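Below is one structure, written out as structure tokens, with a few remarks after it.
Just so it is clear, the values below take in all heavy atoms, side chains as well, and ignore hydrogens, waters and symmetry mates. Residue numbers start from 1 in every chain, and the chains themselves are labelled A, B, ... in the order their sequence lines are given, proteins ahead of strands. What you see is a predicted model; the values in this text were computed from it and never measured.
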Amino acid sequence: MDAVLRQVEQLPALLAVSRSAQVRDWDCLTLDRALEWARYFQHLHHRFRARPQLREALGRRLRRSQPLPLLGFPALGRCPQLLGLALLENRALPPAACRCLLRGLLQPPGEGSGCDPRGLALLARRKAAARLLALVPGPEGQLQAEARLLPGRLREQGQEAEARLREQGQEAEAQLLPGRLREEGQEAEARLLPGRLREQGQEAEARLLPGRLREQGQEAEARLREQGQEAEARLREQGQEAEARLREQGQEAEARLLPGRLREQGQEAEARLLLGRLREEGQEAAEAAGQLPWLRAALEQLPQPRACGVVAAALALLPQGCGTEQAGDTDRAAGSSQGGYQAGAAGDGCAAGLLLSWLLGDQERFSAFCLCLPSSQLAFLAGHYSQLSRSYLDLLTSWGSRLVYDPLQGRWVKSCLDKAELSWEELRERFICLCQGPALLREQTQAALELLRTRDGDFKVRGLSVWTDLLMEVGY
Amino acid sequence: MAQDPTVPKLNFEYWLDKAIEWGQATTLESQKDVCLHLSQLQEFLHQLYEAIKHLQGPTVVIQQFPLIGQLLGRLCWNPFVIGYDESQKTLMWCLCCLYSSEPQNAVELKANSWVRSLLCHLLSSSKWESNEAETSAFISALGYTSADYYCHLVKNMVVSLVRELRENQFNGLNIQESISASRVNAVSIFCVPLITLPDLAPLLETLLLYHGGSSKEILSSEFLESVNEAFLKKKISLPESVVFSLWLRHLPSLEKATLHLLDQVLSIQLNSLEEVACVIKDSLLPQAASHPAIFRIINEIFKSALMETDGTSEVLTVIQVFTQLFLQDHQNENKQHKFPLKAYFPYHHQPLVRRLVRRPFELPTTYWSEHVKHISDMVKALVEDTNASSLTDLFEIWFLVACFGEWLDIAAEQLLKAAVEPDPVLWLLAFYYCPKNENQQRTQTVVEAQAVYSHLMMLFNCADLSLKDLEAAVHRVMGTEQCCNQQFTTHLLTNFLLFSPGGHKIAQECIYHITEITDTSKEVHNLLIRTAHRFNHSGEENQRTVKLLNELLQKLTLKV
């Protein structure tokens, strides 16, 4: 057993090498040996998966042999694929070794039987299946949700720029004052960075120098008007161009961001893998109490909104009992789930704790999380995790208290336009969703709002306290 | 360039044109076109691989097939092609043939890098695809591979589509939320290449059970045909209810399934009726036939199969066993929604149907001859009544009787085993073997049968028989031009050999003699198989008969 443990210790190094430039020196023999090792590790997995004590010993040794414990016992079962795919992606692998790799991985007919004959073909098939199913056109509602979620920020920027341009154009037209125009030009320039626009702005500026204008009197004024209109037209043209470019960028970003269904499902797939990993780590994590460094490292691989989506999906899966499912290919892992079932519930609690501590550990992160997820999903999570519901209510409170009442418009508006906070409408929707949740959550939300209203003087008239108005909106 | 004669001509231009066309168009029409060509393309890829696998290096391959790179590259980006059956495997093998372990020139260097990019595209959530870069980093940071990721991703997508379809099915009235028919149709088209992918099973089942608001079929016919084919080839298994739903909504599939069953039974050598029953049961057709519509369509297909094969005895055997299995299911069904028999035989004389559906074991043996007589009387009355009317009516009556062939075998047996009034029984058998009575054919058959029968009865108790004693009967078998009379006489003679005390001794010799000279070995074999089956079920007290039967069967099986 000692020998086996020592061998297993080598796995992280083997995988690390397979991802490094060191494979430059590999020949066919080295490669075959590496693949053999991978198959041997897989064999160990099959042999020990039904024996909890040995399993644990192997897992412990694996974790101890790497800086970040990325690989646990189940990694042994995946070894040929981990190694094979890493090598396939590693361009440093020389052609001779790569040819051996391809033969080893793909096994053309009549070349002996390897570890998992249909493994890679199945993978390619599944990848194609994901692409095909993502081609299914979404229903109307889904399209809208997609549009809302997608390159939201880019599109918003585009619209904003457009609106600002229009405003500026109108102003310029009305006043035709060169100074203003120049100012506007500069402002527009600053906002609409594209180089050509700046050039145009400078040109306009040069033509519309205030000194010359004053000297030229009425005649000049007429000319100026012409020029101004011209400049304005040009500016508008530029603006439209910039707008079109932005829209293009938006569409590109949209295309890059995958159709909604695929993205959503992709997040869920990622969430399931994350849970699988957390469950594998379960025991040790419980002892370590606190955040796992690899969890943070893994989540940092994703852009923040996506990481938020994945964590939300994972937290949503846990109450459904999906955490007890074995991560990874279930065809292969079927045997190992029996032993793990008992530990399932405890492991899930542990997984949820770790995810929540990642989420709540950083105020900015949590605030981004609450901004980018839809109200219904947040309400669902708040209904299941009391820790989360408390922080969520606190955050909503702080956002709400920053709204100010605009008596002219007769509504609550943001006190600071740019800040990433919620508008009155969004805030209202979040509270409504919370009040549609389970009884406990509804009571908690209501109590919080009532307390806030009391603190504001307990007025029952609209427009004085945002909490009074919110309570009226949610129906109390 | 001179083409190597050993290399088969592969139609590259055709497939390249197709690949370009598919790559550009994203309409439903072009997607359907891909689906229609998938199996041909797979065959082409297979031939291609066979053609290039022994060529020495990529340079030679590219010289021989200059378009190979363009074609494979395009195909790798088509998810329909990659998703289909085993195409992705063959495609990857072909790519491997273009990879050189020691690249000799710029082309080979370029080919190597190209092959690796394509393989990464096919297999990893790779850095080369911008939209998946983050996923790739994330899953590898978790210690997983793209294999784990796509396994979950596909399952999630399937679950989500299934949920959507089911919810929609139950909230059918809510128009706003209902999924448009075109969407469901699109889902069914995208499933065509993926039918044999196990992850898809729940989606296939949900789709096949899904009916939209309108009475028009919303699933694409390509989908329905492909599912049926995969099921018949046993590439997938489906729950019974799903198969029934498929056949109910798509008649071409039901027709294919029925013809497939006939092909299957006709292509194997049958050693027992139990074996036939197994194959038929396995087809799920008798079970599906509890839907009257399905039952009636299957029978229509059987009828045309009978016409086309000129009433081959194997087809008749299939029909008879099928009917038995159907009845068995129908009688075992305790459901409230059990259909009345009339639903299955709406245009037939109901009293006759009720008689025929009685299974022999339900009646005491002593009552069998009377039962047969009743059947004969009824059929005779019907036939004589419809004398004036069409051949079609006659055929319908005959088909009904033929479906319940067990009673005909019992009738022939009763002639020798029990004291029966022979004329009605002989008439019934004559009707079965010679339904038409143009030019008094049937009347003639009855007369001849009566002569054979009385001759055989005279010899029945004769202990010491020789082949010579039977010469007259055997002569009738061989001498007649009419095949129906030949079969009828063979039936009587075979039963005589089995059931008469003196027949046993000469049975082997006599049957050998008959089957040698006439072309009736298949019919005799079928008759013996049916008799053996009945013995197994209701028991035959005479052990000598059982032994003889088995010996005869063994001899004939070798011969057939």
Side-chain angles (χ1 to χ4, degrees), chain A residues 70-72 75 78 81-82 85 88-89 91 95-96 98-100 102-103 106 108 119-137 139 141 256-258 261-262 264-266 268-270 272-274 276-277 294 297-299 301-303 306 310 327-330, chain B residues 49 53 79-83 86 88-89 92-93 96 99-103 112-113 116 119-120 122-127 130-131 134-135 137-139 141-158 160-161 177 179-180 182-183 186-187 190-191 193-194 197 199-200:
Chain A
L70 289 179
L71 303 166
R78 274 191 288 280
Q81 260 170 358
L82 277 168
L85 290 171
L88 186 66
E89 286 181 27
R91 295 275 167 149
C98 185
R99 172 118 186 119
C100 294
L102 297 185
R103 184 166 305 141
L106 299 171
L120 286 189
L122 183 64
L123 163 57
R125 239 191 135 184
R126 280 182 170 149
K127 190 175 175 190
R131 281 183 66 200
L132 274 178
L133 294 178
L135 288 176
V136 174
R256 219 177 303 134
L257 280 167
L258 313 174
R261 179 187 298 279
L262 187 54
E264 211 173 273
Q265 303 300 337
E268 200 180 311
E270 286 164 356
R272 283 183 197 270
L273 291 176
L274 179 61
R277 198 73 194 84
W294 65 259
L299 287 169
Q301 301 291 327
L302 297 172
R306 176 95 154 269
V310 170
D329 199 335
T330 39
Chain B
Y49 174 68
K53 70 176 178 186
F80 284 89
V81 176
I82 302 304
E86 298 202 320
Q88 70 297 113
K89 204 188 276 177
M92 289 196 281
W93 291 338
C96 287
Y99 194 93
S100 32
S101 48
E102 285 163 22
N112 273 6
S113 129
R116 287 186 80 170
L119 287 173
C120 283
L122 291 177
L123 296 172
S124 38
S125 51
S126 62
K127 302 167 188 99
S130 55
N131 54 23
E134 293 135 4
T135 297
F138 180 66
I139 54 183
L142 290 179
Y144 290 114
T145 66
S146 52
D148 303 303
Y149 175 70
Y150 286 111
C151 170
H152 280 296
L153 182 59
V154 171
K155 275 179 193 150
N156 285 351
M157 295 180 107
V158 166
S160 127
L161 281 168
E177 275 182 27
I179 312 173
S180 70
S182 66
R183 239 182 117 232
V187 176
F190 296 137
C191 285
L194 308 173
L197 184 65
D199 312 70
L200 261 278

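- At a 4.5 Å heavy-atom cutoff, the contact between B/Leu197 and chain A is made by backbone and side-chain atoms alike.
- The side chain to side chain contact (heavy atoms under 4.5 Å, CB included) test applied to A/Ala128 returns B/Pro79, B/Ile82, not counting sequence neighbours.
- The side chain to side chain donor-acceptor pair (under 3.5 Å) test applied to B/Thr145 returns B/Asp148, not counting sequence neighbours.
- Of the two parts of A/Leu82, the backbone and the side chain both hold a non-hydrogen atom closer than 4.5 Å to a non-hydrogen atom of chain B.
- Panel note: side chain A/Arg125, backbone B/Glu86; no donor-acceptor pair is recorded below 3.5 Å.
- In this structure, chain A has heavy atoms under 4.5 Å from both the backbone and the side chain of B/Ser146.
- Considering only heavy atoms from C-beta on, B/Leu194 stays 4.5 Å or farther from B/Val154 through its side chain.
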